[in-house]
Asker: 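Starting off with a structure, shown below.
Atoms considered below: every heavy atom in the structure, side chains included; atoms not considered: hydrogens, waters and symmetry mates.
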Amino acid sequence: MAATTSSSPHSLFLQNPNRHHPLKTSNFSAFTNLKINNFTTRRHMSITCASPAVPIQDRAATQIQNQEGERVFNFAAGPATLPERVLAKAQSELYDWRGCGMSVMEMSHRGKEFKSIIEKAESDLRTLLNIPQEYSVLFLQGGATTQFAAIPLNLCRPDDPVDYLVTGSWGDKAYKEAQKYCNPKVIWSGKPEKYTKIPSFEDLEQNPDAKYLHICANETIHGVEFKNYPTPKNATGLLIADMSSNFCSKPVDVTKFGIIYAGAQKNVGPSGVTIVIVRKDLIGNAQESTPVMLDYKIHDENNSLYNTPPCYCIYMCGLVFEYLLELGGLEEVEKMNKKKAELLYNAIDGSNGFYRCPVEKSVRSLMNVPFTLEKSELEGEFVKEAAKEQMVQLKGHRSVGGMRASIYNAMPLAGVEKLVAFMKDFQAKHA
């Protein structure tokens, strides 16, 4: 463990106890001094982090080999890259949020400061998605996976029929969880075709009595995305959508849905907060056995503050919503996302089979692009060489293999351009 010494009560130095290794240090003194100078009664703080320099050949293939201060292009599926402007703003406000004398991480969730943060976050999200007042916006915890249980518990009785359209692993997980709380049926599954398509809605054999029809709007693992949405056959039935990996990536008509839910860690924030948009008339009918933390009525009545929420995550989401509005809203965001996806898919399709995307072209995701190499034995080298070029997290999900490039809102066009150039160069070397 690093030893500590101090030259004053407010100076902290982290030192490597292993003196046989040269030290690579990163000094944050300038940033902390800038913030601390706002408080004349406090003394200067210097923080130095030290770590042993490890020979390049000893590092894992996926380790980031970057110069100090240089950011990589992070193609991770989630947690994912965040807008640099958002990170910079969060950094500038970390020590003292807008003159209140404390960090957002230190605020009481009952205080006026955090109340203003969560209220603005909700207001900006409502503007982005044009969410009507007939819908509640809830900032919850537990990930979208927790909503697999919360949705049937809030909307159904144990014997109520519901329909699930399964286009990937997450839709399948949602169906399996619902079996504990209602009477679900898979009306179509893409599993026999390895989740590479979405069926014609006219051919779906929906239950006319189903309380809701559930879809996963974008399957993160398999790269399948709905371009339009089915209508429940039951006149009073609801359309429910898990939008975790394409939330706020394009405009959506919220009024077509009873519930939209999404984990924030793909497009709108760090991991730790789940956003649920639920029509208000659906709230208040939870099964008696519903745990208090899964009851929408509890969270709605308490404005998402029934217990301590993930305050800093909500703050970060608020900064992202503000940033997306500054870009011109979701119409402009969608244009940028289409441009990035087109560039990458064209590179794959134009490689004469060296790279292949298995997903049917009409439903290819704008967010998650899976692809394989014709020579599968080269996949490990592809990941390793890409990492050397500051492009990381390109390995496909463990359940499907291959590659996957997640190109969410915050992935700049330059990142996709660099990936495409690398892919062409890699092909030239190995074709």
Side-chain angles (χ1 to χ4, degrees), residues 9-10 12 28 31-45 47 79 82-83 85-129 131 133 135-143 146-147 150 247-248 261-265 267-278 280 283-284 291-326:
H10 299 286
L12 173 64
F28 296 93
F31 172 69
T32 55
N33 190 39
L34 170 67
K35 302 310 296 181
I36 294 173
N37 281 343
N38 292 334
F39 299 87
T40 57
T41 59
R42 300 189 182 188
R43 299 173 65 181
H44 170 75
M45 176 191 294
I47 301 177
L82 286 164
R85 280 168 54 188
V86 167
L87 293 174
K89 186 167 186 178
Q91 181 189 50
S92 72
E93 297 181 336
L94 179 62
Y95 187 78
D96 173 23
W97 184 78
R98 304 181 189 181
C100 74
M102 58 184 162
S103 171
V104 175
M105 287 186 278
E106 302 170 295
M107 289 177 183
S108 166
H109 62 293
R110 307 292 182 195
K112 63 180 182 179
E113 294 87 359
F114 185 73
K115 184 173 184 288
S116 71
I117 289 172
I118 194 171
E119 287 179 350
K120 187 176 188 302
E122 178 180 338
S123 176
D124 285 349
L125 178 58
R126 284 185 179 275
T127 300
L128 276 170
L129 284 170
I131 303 173
Q133 289 303 313
Y135 285 75
S136 287
V137 175
L138 307 177
F139 294 96
L140 307 178
Q141 302 182 65
T146 299
Q147 296 307 308
F247 188 66
C248 286
Y261 64 102
Q265 68 274 10
N267 264 321
V268 298
S271 59
V273 61
T274 306
I275 296 168
V276 175
I277 303 169
V278 53
K280 289 182 178 180
I283 297 172
V292 65
M293 290 303 294
L294 300 188
D295 190 337
Y296 293 153
K297 185 173 185 288
I298 294 293
H299 295 294
D300 181 56
E301 289 178 343
N302 290 276
N303 300 311
S304 301
L305 299 173
Y306 175 72
N307 70 330
T308 306
C311 296
Y312 198 80
C313 297
I314 294 170
Y315 157 74
M316 288 295 294
C317 287
L319 294 186
V320 173
F321 298 151
E322 188 176 287
Y323 167 75
L324 295 178
L325 287 171
E326 290 173 357

Asker: Considering residues at least two apart in sequence or located in another chain, which fulfil the side chain to side chain donor-acceptor pair (under 3.5 Å) criterion with Q141?
Answerer: none

Asker: Any pair with a residue in residues 97-110 that passes side-chain hydrogen bond (donor to acceptor under 3.5 Å, both in side chains), sequence neighbours left out, goes on the list, sorted by first then second residue, please.
Answerer: E93-R98

Asker: Suppose we screen for side-chain contact (heavy atoms from CB on, under 4.5 Å). Which residues come up paired with A150, at least two apart in sequence or across chains?
Answerer: Q147, N154, L294, Y296

Asker: Which pair of heavy atoms, one from V104 and one from C311, lies closest together, and at what distance?
Answerer: CG1-O, 4.3 Å

Asker: How long is the span from the CD atom in Q133 to the CZ atom in R126, to the nearest 0.5 Å?
Answerer: 4.5 Å

Asker: Atom CD1 of I118 and atom CD of E113: how far apart are they, to the nearest 0.5 Å?
Answerer: 14.0 Å

Asker: Which heavy atom of A264 sits nearest to which heavy atom of P270, and what is that distance?
Answerer: CB-O, 4.0 Å

Asker: Where do L128 and C248 come nearest, in terms of heavy atoms and distance?
Answerer: CD1-SG, 4.5 Å

Asker: In Å, rounded to the nearest 0.5 Å, how long is the span from CD1 of I277 to CD1 of I131?
Answerer: 3.5 Å

Asker: Tell me whether D295 contacts the main-chain N or O of H299 through its side chain, where contact means a donor paired with an acceptor under 3.5 Å.
Answerer: no

Asker: Flag the pair I275 / F139 as yes when at least one side-chain heavy-atom distance between them is below 4.5 Å, and no otherwise.
Answerer: yes

Asker: Is the closest side-chain heavy-atom distance between C317 and L125 below 4.5 Å?
Answerer: no

Asker: Which residue pairs pass the salt bridge (charged side-chain N to carboxylate O under 4.0 Å, His left out) test when at least one of the two sits in residues 303-324, sequence neighbours left out?
Answerer: K89-E322, K120-E322

Asker: Do the non-hydrogen side-chain atoms of F114 and L305 ever get within less than 4.5 Å of each other?
Answerer: yes

Asker: Among all residues two or more places apart in sequence or in another chain, which pass the side chain to side chain donor-acceptor pair (under 3.5 Å) test with Q265?
Answerer: none

Asker: Do L129 and F247 have side-chain heavy atoms sitting under 4.5 Å apart?
Answerer: yes

Asker: Atom CG in L82, atom CG in L87: separation rounded to 0.5 Å?
Answerer: 5.0 Å

Asker: Between S271 and C313, which heavy-atom pair has the shortest distance, and what is it?
Answerer: O-SG, 3.2 Å

Asker: Sort and list the pairs that fulfil side-chain hydrogen bond (donor to acceptor under 3.5 Å, both in side chains) and have at least one residue in residues 300-314, not counting sequence neighbours.
Answerer: S136-D300, K297-E301

Asker: Would you mind reporting whether T146 and M293 have side-chain heavy atoms less than 4.5 Å apart?
Answerer: no

Asker: Identify the heavy atoms of A121 and I314 that sit nearest to each other, and give their distance.
Answerer: CB-O, 4.3 Å

Asker: Run the side-chain contact (heavy atoms from CB on, under 4.5 Å) check on L319 and R85 step by step: do they pass?
Answerer: CA-CA 9 Å; L319 294 186; R85 280 168 54 188; over 6 Å; no

